[in-house]
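What follows is a single structure, written as structure tokens, with notes after it.
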Amino acid sequence: MFFSAALAALALGVSQVAAHGGVLSYSINGQTYDGFKAYNTPTGQSSIQREWDTYNPLTNPTDPNLACNANGASLGSGQKSATVAAGSKVTAYWNQWPHAIGPVMVYMAKCNGACTTSTPSSLSWFKIDQAGLISGTLPNGTWGQGELIANNNSWTSTIPSSLAPGEYFIRHELLAIHTSNQPQFYPECAQLIITGSGSAQPSGSYLVKFPGAYSMSDPGVGIDVYSQPNVSNYTIPGPAVWQG
Ligand SMILES: *[C@@H]1O[C@H](CO)[C@@H](O)[C@H](O)[C@H]1NC(C)=O
Ligand SMILES: *[C@@H]1O[C@H](CO)[C@@H](O)[C@H](O)[C@H]1NC(C)=O
Ligand SMILES: *[C@@H]1O[C@H](CO)[C@@H](O)[C@H](O)[C@H]1NC(C)=O
Ligand SMILES: CC(=O)N[C@H]1CO[C@H](CO)[C@@H](O)[C@@H]1O
Ligand SMILES: [Cu+2]
């Protein structure tokens with residue numbers, strides 16, 4: 001799978017690659033964590049991020065790789081986790097992000113023991129942050145992704161301070177909807193070891209599976225923004241944000 005993706009990228013050339021993207025690094029409490037290097041073999045790589053192989057989007061809301069992108073694998077001995085206190089801010093940095101229409105969503109999931117041996121699609125995910133249509137209309141308004149671009153292609157979220165300690169994934173997802181009725185999903189995951197004295201866990205209504213959380217019939221997923229030029233509301237898909 002990796003080699004065919006790399007060859008496809010070479011065939012498409014740099015301009016196609018640059019038309020999409022993903023999370024390249026993180027900054028947490030003043031420390032920078034480099035992400036996985038897409039388009040490169042996982043052999044020898046070391047990161048807190050899980051493997052993701054190309055800048056291309058997933059285009060099906062029920063894609064089996066929706067949790068942590070293709071292929072979301074652990075890096076084995078190179079797989080790291082960042083130890084961070086609940087309440088900390090996590091900043092994710094993308095490449096020069098080309099899409100300004102669509103929401104930004106950030107999720108977490110508690111691992112069954114160690115994240116390195118957990119399968120992302122089996123976990124229960126909760127949303128900690130989101131930004132959809134901030135102002136204006138669907139095709140012309142200011143979106144979370146426009147804010148991300150304006151903020152140096154980055155997004156900062158706070159880990160709920162009451163969250164119970166343990167091993168978690170954090171999942172940053174951009175849902176680009178600039179193409180009519182063809183959503184593009186860009187999720188990347190990193191592993192965190194949360195410390196602190198909190199004891200809060202989200203209840204069932206906040207928890208979803210990936211795939212499972214989204215459907216093409218969700219108003220914010222299978223959407224043509226250009227056919228609704230006067231609409232100024234947007235329904236962000238997935239569960240409500242859990243505040244802790
Ligand atoms: C902008 O983002 C890059 C990482 O993509 C980072 O190295 C740089 O420090 C950031 N600049 C500012 C002003 O935050
Ligand atoms: C949007 O609003 C403009 C100005 O009021 C109007 O001319 C146009 O017909 C509307 N378009 C749609 C699709 O409702
Ligand atoms: C806007 O709000 C209406 C009324 O609640 C809803 O039916 C519609 O799906 C919303 N539009 C979007 C794009 O979420
Ligand atoms: C008022 C305004 O800026 N309208 C633009 C909204 O977006 C559509 C589609 O991109 C443009 O065609 C309009 O000119
Ligand atoms: Cu793109």
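Atoms within each ligand, like the ligands themselves, are counted from 1 in listed order.
In this structure the side chain of Pro229 never reaches within 4.5 angstrom of the side chain of Thr137, judged on heavy atoms. Using a 4.5 Å heavy-atom cutoff, the side chains of Val241 and Asp129 are not in contact. With contacts defined as side-chain heavy-atom distances shorter than 4.5 Å, the pair Leu66/Arg171 qualifies.
Protein heavy atoms all stay at least 4.0 Å away from atom 9 (O) of ligand 1. Distance screen at 4.0 Å: atom 2 (O) of ligand 1 has a protein heavy-atom neighbour inside the cut-off. By the definition of a contact as any protein heavy atom under 4.0 Å away, atom 14 (O) of ligand 2 is in contact.
Polar contact with ligand 1: absent for Trp94 (N/O pair, distance under 3.5 Å). Residue Thr235 has at least one N or O atom closer than 3.5 Å to an N or O atom of ligand 3. When only interatomic distances are considered, the shortest N/O to N/O separation between Ser227 and ligand 2 does not fall below 3.5 Å.
Scanning the protein heavy atoms around atom 12 (C) of ligand 3, the nearest turns out to be Asn233 O, 3.6 Å. Of all protein heavy atoms, the one lying nearest to atom 11 (N) of ligand 1 is Asn152 ND2, 2.8 Å. At the shortest separation from atom 5 (O) of ligand 2 among protein heavy atoms lies Asn230 ND2, 4.7 Å. Looking only at heavy atoms of the protein, atom 4 (C) of ligand 1 is closest to Tyr93 CD2, 3.6 Å.
The aromatic rings of Trp52 and Tyr55 sit parallel, their planes meeting at an angle under 30°, below the 60° perpendicular limit.
Outside the 6.0 Å centre-distance limit, the rings of Trp94 and Tyr186 are not counted as a close aromatic pair. Ring centers of Trp242 and Phe126: under 6.0 Å apart, within the cut-off.
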Check against side-chain hydrogen bond (donor to acceptor under 3.5 Å, both in side chains), Tyr26 and Gln49: CA-CA 9 Å; Tyr26 303 86; Gln49 204 178 44; 3.0 Å; yes
Verdict with reasoning, Val84 to Thr195, per side chain to side chain contact (heavy atoms under 4.5 Å, CB included): CA-CA 6 Å; Val84 299; Thr195 61; over 6 Å; no
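Residue Pro219 approaches ligand 3 through these ligand atoms, each under 4.0 Å from one of its heavy atoms: 9 (O), 14 (O). Every atom of ligand 3 with a heavy atom of Ile223 under 4.0 Å away is listed here by number and element: 13 (C).
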